[in-house]
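To start, the structure under review is shown below, and the notes come after it.
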Number of protein chains: 2
Amino acid sequence: MAPATKAKTEIHTAESCIASVRAVKDALEVLSGRWKLPIILSVSFGTKRFKQISKELNGITDKVLSKELKELEANQLISRTVYDAFPPVVEYAITDHGKSLNKVIAELGTWGAAHRKKIIGR
Amino acid sequence: MAPATKAKTEIHTAESCIASVRAVKDALEVLSGRWKLPIILSVSFGTKRFKQISKELNGITDKVLSKELKELEANQLISRTVYDAFPPVVEYAITDHGKSLNKVIAELGTWGAAHRKKIIGR
DNA sequence: GAAAGTGCTTTCCTAAAGGATAGTACTATC
DNA sequence: GATAGTACTATCCTTTAGGAAAGCACTTTC
């Protein structure tokens with residue numbers, strides 16, 4: 001069997017492909033790493049405090065969680081509210097912009113579960 | 001304003017939250033890094049050769065691309081076909097399993113474009 | 001007055017990601 | 001016989017991600 005030949009239509013396709021690739025790369029830049037999406041998901045289930053998020057993510061260290069929360073806040077994906085009390089009380093909530101990731105994350109979760117079954121088998 | 005109080009219903013919510021988080025983490029493990037999703041997207045636009053993918057991704061080095069392609073093949077997300085010719089001809093195509101990521105990637109692209117406008121402003 | 005509780009920060013360290021650069025295999029073309 | 005063409009591989013190096021462990025602030029509870 002011979003390799004496929006270049007068709008004229010591919011030129012047009014290539015351009016839209018490149019544009020799409022760029023958009024996906026933009027998204028990945030903001031959402032990079034193992035934790036940002038899981039954090040957003042956790043918070044989108046309801047306003048949470050630091051320790052609660054930490055427990056639900058299972059495995060993240062305080063340092064990393066703190067750093068990720070800052071980045072997410074900077075990108076307006078979550079909001080942070082401090083109450084002056086002691087011991088400290090800080091609440092994290094999803095923003096409207098963060099909510100706009102709902103579909104992405106839902107799809108990803110669905111796919112993750114399906115992939116696990118297919119490849120790992122359980 | 002006082003911090004929100006813990007409601008009974010949150011117990012139930014927390015469990016489904018943790019399950020969702022796990023699924024998302026599973027997905028992220030397979031799709032980790034800056035390049036895998038863009039590669040899958042590129043290939044899902046049509047069967048491509050090494051150099052073509054390289055050009056469309058804009059910025060990836062040969063070494064990294066080669067490595068990523070191997071991982072994606074191992075996870076059955078793309079297929080690799082070698083034709084014995086000189087210079088070499090190798091074609092990469094999306095698999096059915098890879099196609100199952102279409103919605104995820106499309107959503108991500110849409111979001112990426114919107115986010116760029118919102119935060120970066122162009 | 002010791003201990004617990006919360007949301008961090010700090011220091012130190014390892015592993016992995018990823019980039020730069022060059023090289024190879026072999027044929028075809030000029 | 002130099003050069004181009006393709007899909008890599010190999011080496012070396014820098015940067016980033018991320019983890020482990022401990023410390024701190026200040027109040028309340030025992």
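Per chain, numbering begins at 1; letters A, B, ... match sequence-line order.
One atom, CG of B/Leu69, and another, P of D/dC8, lie 7 Å apart when rounded to the nearest Å. Computed from coordinates, the B/Asp62 CG to C/dG19 P distance equals 12 Å when rounded to whole Å. Protein atom CD1 of B/Ile60 is 17 Å distant from nucleotide atom C1' of C/dT21, rounded to whole Å. Here the P atom of nucleotide C/dC12 and the NZ atom of A/Lys63 are 12 Å apart, to the nearest Å. Rounded to whole Å, atom C1' of D/dG18 lies 14 Å from atom CD of B/Glu29. Distance A/Asp84 CG to D/dC26 C1': 12 Å, rounded to the nearest Å. A straight line from CG of A/Leu65 to C1' of C/dC8 spans 10 Å, rounded to a whole angstrom. The CG-C1' distance, from A/Leu28 to C/dA17, rounds to 15 Å in whole Å.
Between A/Phe86 and A/Arg80, the residue anchored nearer the 5' end of DNA chain C, judged by the nucleotide with its closest heavy atom, is A/Phe86. When the nearest nucleotides of DNA chain D are assigned to A/Pro87 and A/Glu68 by heavy-atom distance, the more 5′-ward of the two goes with A/Glu68.
Aromatic ring orientation, A/His97 versus B/His115: parallel (interplanar angle below 30°, classes split at 30° and 60°).
Residue A/Lys70 has a polar side-chain atom (N or O) positioned under 4.0 Å from OP1 or OP2 of C/dT9. At C/dA17, none of the side-chain N or O atoms of A/Arg34 fall inside 4.0 Å of OP1 or OP2 (strictly under the cut-off). The phosphate of C/dC8 has OP1 or OP2 within less than 4.0 Å of a side-chain N or O from A/Tyr92. Between D/dG18 and A/Thr61, no contact under 4.0 Å exists linking OP1 or OP2 to a side-chain N or O.
You'll find that the side chain of A/Val90 is closest to C/dC8, out of D/dG5, C/dC8, C/dA20. Comparing atom distances between the A/Ser66 side chain and each of C/dC8, C/dG19, D/dC8 picks out C/dC8 as nearest. Picking from D/dC8, D/dG19, C/dT6 the nucleotide with the shortest atom distance to the side chain of A/Arg49 gives C/dT6.
No N or O donor and acceptor, one from the side chain of B/Lys51 and one from the base of D/dG5, sit under 3.5 Å apart.
In this structure, B/Ala23 and A/Gly109 approach most closely via the heavy-atom pair CB-O, 3.4 Å.
In this structure, the side chains of B/Pro38 and A/Leu28 come closer than 4.5 Å at one or more pairs of heavy atoms. Using a 4.5 Å heavy-atom cutoff, the side chains of A/Leu108 and B/Leu108 are not in contact.
Partner of B/Leu77 under the side-chain contact (heavy atoms from CB on, under 4.5 Å) criterion, out of B/Ile94, B/Asp96, B/Leu31: B/Leu31 alone.
In this structure, A/Lys36 reaches neither bases nor backbone, as no heavy-atom distance under 4.0 Å exists between it and the strands shown.
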